[in-house]
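Reviewing the structure listed below.
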Amino acid sequence: MKKEMVALGKDQYDIDIRNQAAWESSQAALVPCNICGRTFLPDRLVVHQRSCRPKKTQNGPLWAIKK
């Protein structure tokens with residue numbers, strides 16, 4: 001649901017609408033990591049990918065396996 005920006009006075013607008021627009025803009029700028037899927041700003045993604053490793057599958061502790 002997109003609200004219209006309503007002027008409340010000289011240079012004043014509904015803060016919720018401004019916050020929603022800022023949130024949508026920031027989310028549109030994020031890029032997903034091709035290893036883990038987390039999202040980052042493009043310049044931070046490079047730093048993240050240096051240490052990102054695929055998750056290893058874990059079956060749980062050996063004592064939890066039913067026989």
Side-chain angles (χ1 to χ4, degrees):
M1 181 170 103
K2 191 171 185 175
K3 295 181 183 178
E4 294 295 321
M5 196 174 261
V6 179
L8 300 175
K10 183 180 178 187
D11 298 326
Q12 293 181 349
Y13 294 94
D14 185 350
I15 191 73
D16 292 332
I17 295 171
R18 292 187 69 177
N19 284 341
Q20 183 65 30
W23 171 256
E24 290 172 6
S25 176
S26 68
Q27 293 303 300
L30 298 178
V31 179
C33 172
N34 59 357
I35 299 169
C36 69
R38 290 176 55 198
T39 55
F40 298 88
L41 290 172
D43 64 325
R44 305 310 334 163
L45 179 61
V46 175
V47 175
H48 163 77
Q49 286 179 329
R50 285 188 226 145
S51 61
C52 185
R53 301 290 178 258
K55 288 186 178 180
K56 294 181 182 178
T57 58
Q58 182 177 353
N59 295 329
L62 292 176
W63 56 266
I65 298 174
K66 293 184 179 180
K67 293 183 181 183

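Remember, it's a predicted structure, so these values are computed and weren't measured experimentally. The chain is numbered in sequence order, starting from 1. Only heavy atoms go into these numbers, but all of them, side chains included; no hydrogens, no water, no symmetry mates.
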Pairs where residues 17-46 contributes a residue and the test ring-ring contact (aromatic ring centres under 6.0 Å, His included) is met, not counting sequence neighbours: Phe40-His48
Between CG on residue Asn19 and CD on residue Glu24, distance to nearest 0.5 Å: 11.0 Å
Sequence neighbours excluded - side-chain hydrogen bond (donor to acceptor under 3.5 Å, both in side chains) pairs with any residue from residues 32-46: Asn34-Gln49
Member of Val47, Val31, Leu30 meeting the side-chain contact (heavy atoms from CB on, under 4.5 Å) criterion with Leu41: Leu30
